[in-house]
Amino acid sequence: MGGTEDWRDQMKGRIMSLDDLKERMFPEMVITEEMRAAERVFPVSTTSYYASLVKTPDFQDPVFAQIVPRGDELRTPPWLVEDPLLEKTFSPVPRLVHRYPDRALIVATSACASRCRHCTRKRVSASTQESAISSSELQACCDYLRKNPAIDDILISGGDPLTLSDEAVAKILSPIVSVPSVKVVRIATRTLVNMPMRFTDNLVAILRRGKPVYVNSHFNHPVEVTPAAIAAASKLTDAGIPVASQTVLLRGINDTPQIIEELCRKLFHNRIRPYYLFQCDLVYGIEHLRTPLATGLEIMKHLRGRLSGMAIPNFAVDTPGNGGKIELLPQGILRREGNSTILVNSRGIEVTYPDP
Ligand SMILES: *Cc1c(COP(=O)(O)O)cnc(C)c1O
Ligand code: SF4
């Protein structure tokens, strides 16, 4: 399956349940009662394109494990909550989240092409209703941006904004880029991964029409970097739209130094800049996918010694409450000695660096 198919057929023909997935894609797949119970709380939906990347229909498969619920999703230890980043608290007007002085996030729609089991906005994607921003809500968001000119960077997120039609995307972008203080827009989308045929010539033309736009995607595993995804990303970069990727560390899916190294290399070689490597958020339903912080630090240490800085993402935790994103680094500073700092490199060698 490639980039020739119409994305609207992918959206309309989405696989919408475990039974549907078994019937249409994986007749040999086993569906347990536990999986059905989890599905009733957090529904299933995916594109036939993304499901076609599954090699074996079991939880060892990195794509299958991102699509299919496990009974574990109903296990909720006390540190997991519905809205760990307090996005509801930091929403001054509906659909706008303002947590950092110069940036704001707009939730354009609750729909996604494929629902990820690890989604940080499970409260949004768990709802079966797919609702897009209305023109009055958009108006209110733009009024807020006009009143807060310190915000110069807008993230359009969801859900996935590129599940909307070209006309709807243009209608959302146009009033936002008309706010004089807005200098740059970032589109947060997973369609490069789960529906790369979305990037039609018309969409690319819409994205480059106004102010500078970045496309931020979400690749979690090298198998997702397919020829179709690479072709779509190239189309964007050729049109002057930089493409970046955020990866979420997921237990049993991508939590080894080798997998992340391969992913970062593949992305970098195709002009997709690895931007963040995220620790899982403390959102309900994902305890079984969480890794200890030490795993991410180990992976960063591995990458540091091998890859160009251009290919290395920032390892970050979006902390609960109002902590915001905190970047974590494997140890670089060992200690102070007089006027000097003792540093350690990726091979464990100590270096003395004098201050002026
Ligand atoms: C993550 C996030 C941003 C963007 O942060 P960057 O580090 O600039 O990518 C903006 N607003 C909200 C609410 C966020 O959660
Ligand atoms: S595409 Fe993004 S918003 Fe949609 S389910 Fe996946 S992580 Fe959540």
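We count ligands from 1, going down the list as the structure has it; atoms in each ligand are counted the same way. Positions are given from 1 along the sequence.
The distance from atom 4 (Fe) of ligand 2 to the nearest N/O/S atom of C112 is under 2.8 Å. Note on C116: not counted as a metal contact of atom 8 (Fe) of ligand 2, no N/O/S atom lying under 2.8 Å. Among the backbone and side-chain atoms of H218, no N/O/S atom is found under 2.8 Å from atom 6 (Fe) of ligand 2.
In this structure, N270 contributes its side chain and K266 its backbone to a donor-acceptor pair below 3.5 Å.
The residues lining ligand 1, counting any heavy atom closer than 4.0 Å, are V97, R99, Y100, R103, L105, L155, R186, Y275, Y276, K325.
At most 12 heavy atoms of other shown residues, nucleotides or ligands fall within 6.0 angstrom of atom CD in E23.
Residues L207 and I241 approach most closely at CB-CD1, 3.7 Å, considering heavy atoms.
Between V193 and S217 the shortest side-chain heavy-atom distance falls below 4.5 Å. Side-chain contact check for D152 versus V182: every heavy-atom pair is 4.5 Å or farther apart. In this structure the side chain of F278 never reaches within 4.5 angstrom of the side chain of L249, judged on heavy atoms.
Among residues at least two apart or in separate chains, ring-ring contact (aromatic ring centres under 6.0 Å, His included) pairs with a member in residues 58-97 are F59-F64.
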